[in-house]
Number of protein chains: 2
Amino acid sequence: MDDTPATKKDLILPPPRRSRRKSGGTTLRDVAALAGVAPITASRALNTPNAVSEQILKRVRSAVEQTGYVPNMLAGGLASRKSRLVAAVIPTISGNVFLEMVQSLTASLAAYGYQLMLGQSGYEDSREDELLETIIGRRPDGVVLTGIMRSPQGRQRLLTSGIPVVETWDLTPNPIDMLVGFSHEKVGEAVARYLHSKGKRRVATLSANDQRAQRRMKAFSDTAIELGMAAPGATEVPGWLVPAPTNVGMGRAGLRELLARHPDIDALFCSSDMVALGVLTEAQAQGIAVPGRLAVVGLGDLSFARDLHPALTTVRIDGARIGATAARFIVERSEEREVRDGIVDIGFSIVERDSA
Amino acid sequence: MDDTPATKKDLILPPPRRSRRKSGGTTLRDVAALAGVAPITASRALNTPNAVSEQILKRVRSAVEQTGYVPNMLAGGLASRKSRLVAAVIPTISGNVFLEMVQSLTASLAAYGYQLMLGQSGYEDSREDELLETIIGRRPDGVVLTGIMRSPQGRQRLLTSGIPVVETWDLTPNPIDMLVGFSHEKVGEAVARYLHSKGKRRVATLSANDQRAQRRMKAFSDTAIELGMAAPGATEVPGWLVPAPTNVGMGRAGLRELLARHPDIDALFCSSDMVALGVLTEAQAQGIAVPGRLAVVGLGDLSFARDLHPALTTVRIDGARIGATAARFIVERSEEREVRDGIVDIGFSIVERDSA
DNA sequence: ATGAAAGCGCTAACAG
DNA sequence: CTGTTAGCGCTTTCAT
């Protein structure tokens with residue numbers, strides 16, 4: 001261009017290099033050429049409009065419109081080491097418990113200009129490890145885990161990857177990185193005390209067989225025993241375990257089982273609102289008065305809880321806040337230089353309604 | 001290398017170029033160096049193990065283990081023009097209706113080695129358009145849309161992007177690309193005929209205000225009128241509209257409204273199982289016999305439908321199949337050369353239980 | 001079966 | 001404020 005005076009058509013052919021892959025769509029280069037600027041300038045016009053003159057800004061924008069250019073974030077991410085992708089690992093989305101969190105995570109991230117990648121791990125830890133490799137391969141700007149990562153390999157992988165991590169829905173003294181959760185033990189204890197204050201003296205549990213639910217139930221049972229809410233001499237409260245994720249049918253069947261074995265129970269702590277709905281349904285079908293003969297407490301405060309009949313007393317976990325907080329933590333970490341330690345106990349509350 | 005006889009240690013220092021960005025973690029180059037092969041060979045060992053000798057395969061694998069190397073799929077995607085990412089656009093995940101699809105989409109894609117990016121559009125079309133730009137920027141190997149893309153700009157963007165698209169949950173003569181859905185009109189008609197066959201003669205609707213639900217209701221109403229299932233002279237069946245996404249409370253309130261205006265209705269077609277649960281709940285609270293005095297039909301066959309009391313008669317949409325089929329379509333399109341036209345009407349079925 | 005070279009499309013770093 | 005240059009980490013193309 002600078003030392004070859006030849007016209008465009010008369011160029012000396014360059015050394016016969018083999019032709020390379022041909023491009024697909026419009027690239028930043030095309031836009032830049034059309035606007036008559038260097039690619040980097042076009043890049044600035046799009047990413048840091050303030051760093052560019054009005055003139056050029058206008059020309060680049062017009063070029064973008066004319067060409068229908070859409071930036072390739074894969075390329076941008078590779079160059080800048082920022083993917084603006086966040087991965088979430090959920091046991092399963094169909095359990096409904098984590099919906100509110102996923103919903104709010106997606107929405108919050110979108111507001112920051114980030115996107116969510118969803119991974120489902122099931123309730124076994126093995127899938128989780130496997131998922132992790134795929135996730136890290138995407139070089140996300142953050143990973144949101146449901147629960148605490150228990151597998152040491154998983155922890156290690158995450159740690160060495162250097163990706164910001166938020167563990168959620170639980171508490172631990174040694175988080176991998178950031179943490180937004182609450183104490184399952186305290187939930188169990190609080191529900192036991194609550195039922196005690198309502199005069200219940202023969203409590204039982206109906207729970208999913210996952211770690212967190214069982215820890216709630218253990219604490220519930222311990223407190224209940226302490227408060228004398230079980231048959232004399234019992235060391236734990238009657239309980240029935242069902243596989244996670246729970247559903248309404250398990251609640252119905254569970255209540256039948258419990259009642260067959262322990263006809264005297266007067267209160268039931270369910271590990272999820274779905275199970276509680278099943279219990280309510282079965283109670284209604286059998287003509288068992290709730291809360292008169294049997295009090296029922298759920299967990300999750302799913303949208304339907306308030307509208308059941310009787311309205312379901314339940315433990316509210318603010319999933320939306322978990323999601324929003326996790327999103328904020330990751331974005332801040334990813335965009336600011338200082339490393340803040342994000343560790344939050346968001347707590348829980350017992351929503352007192354009619355079923356207990 | 002070919003004309004400089006210098007030893008490795010005695011190299012003439014290269015012209016003092018400014019130092020470039022320094023790399024973060026382990027790259028394929030590191031692995032290759034450790035294995036004593038060229039990067040491309042290491043790449044082959046990982047991606048097409050058959051194209052490489054046993055010897056080298058072993059060395060590369062061992063190098064990967066030693067270094068803890070995780071391939072950077074951003075870089076791989078950029079070079080190969082395959083991101084192995086699929087984007088899904090859902091109105092909202094919290095409505096529960098699309099859960100089964102998202103769940104199965106995630107799982108199916110994972111099985112093929114793809115990941116899902118989740119985007120929520122809300123029920124307004126505007127957000128959808130906006131989302132699209134972000135999505136296309138990621139250069140996904142496919143986009144799964146919930147419903148038909150109605151916005152012409154959206155269609156155009158998608159079309160020119162060249163990304164495989166699957167529209168779902170609906171039917172249209174002019175899909176953007178592929179399609180996995182069913183006819184909402186036929187659903188409405190089928191439910192009307194079903195209720196007619198059960199001897200119901202004063203039907204009503206309780207529906208979300210979204211496009212698809214309203215089309216079901218229109219067809220339901222038309223058929224019902226045709227079959228004489230409304231008050232004499234009526235041109236449409238009584239109906240009550242609630243905002244999407246629906247919940248149980250809306251079902252309860254809706255039933256009250258409908259009953260206040262039309263005390264004689266004997267059957268109610270709800271636009272979702274959540275609404276139907278609300279109707280069942282309100283009916284129970286008011287002592288209205290279901291299905292005796294009022295038959296109730298839902299839509300979705302959510303997991304709880306079979307376990308309600310009475311068990312909910314509902315229209316089953318096989319969300320899992322929609323998800324799995326969409327995943328397969330996209331993966332096939334993305335990995336095979338031939339362009340198959342994926343257009344499937346997966347139909348629906350009325351699951352006859354006790355509420356109607 | 002293995003490798004060298006040349007980018008994929010973008011941005012960081014360094015000048016001017 | 002704008003441009004030049006050199007990659008980000010991988011895979012394609014072509015050659016052996």
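This is a predicted model, so every value here is computed, not measured.
What separates CZ of B:R138 from P of C:dG9 is a distance of 17 Å, to the nearest Å. If you measure from atom CZ of A:R29 to atom P of C:dG7, you get 9 Å, rounded to the nearest angstrom. In this structure, A:L74 places its CG atom 11 Å from C1' of C:dC10, rounding to the nearest Å. The distance from atom CZ of A:R84 to atom C1' of C:dC10 is 14 Å, rounded to the nearest whole Å. Between the C1' atom of D:dT16 and the CZ atom of B:R44 lies a distance of 12 Å, rounded to the nearest Å. Remark: P of D:dC10 and CG of B:N47 are 10 Å apart, rounded to the nearest angstrom. If you take CG of B:L28 and P of C:dA4, they are 14 Å apart, rounded to a whole angstrom.
Looking only at side-chain heavy atoms (C-beta outward), A:Q120 and A:L131 stay at 4.5 Å or farther from each other. You'll find the side chain of A:L158 reaches within 4.5 Å of the side chain of A:L145, heavy atoms only.
Put simply, the side chain of B:R139 and the base of C:dG9 share no donor and acceptor less than 3.5 Å apart.
Here B:I56 lies in heavy-atom contact (under 4.0 Å) with sugar-phosphate atoms only. Residue contacts shown for A:N50 are limited to sugar-phosphate atoms, with no base heavy atom under 4.0 Å away.
For the pair A:P71 and B:A42, both in contact range of DNA chain C, the more 5′-proximal nearest nucleotide belongs to B:A42.
Side-chain atoms of B:R139 come within 3.5 Å of backbone N or O of B:I136 as a donor-acceptor pair.
Minimum heavy-atom separation, A:L46 to A:L28: CD1-CD1, 4.0 Å.
For B:S80 and D:dC10, the shortest distance from a side-chain N or O to OP1 or OP2 is not below 4.0 Å. For C:dC10, neither phosphate oxygen OP1 nor OP2 lies less than 4.0 angstrom from any side-chain nitrogen or oxygen of A:S43. Phosphate contact (OP1/OP2 of D:dG9, side-chain N/O of A:R81, threshold under 4.0 Å): present. For C:dT2, one of the phosphate oxygens OP1 or OP2 lies less than 4.0 angstrom from a side-chain nitrogen or oxygen of B:S53. One finds no side-chain N or O of B:N72 lying less than 4.0 angstrom from the OP1 or OP2 phosphate oxygen of D:dC8.
Taking CD of B:Q66 as the reference point, atom OG1 of B:T26 lies at 11.0 Å (rounded to 0.5 Å).
Comparing D:dG3, D:dG9, C:dT11 by their nearest atom to the side chain of B:L78 picks out D:dG9. Taking only side-chain atoms of B:I40, from C-beta outward, the nucleotide of C:dA4, D:dC10, C:dC10 with the closest atom is C:dA4.
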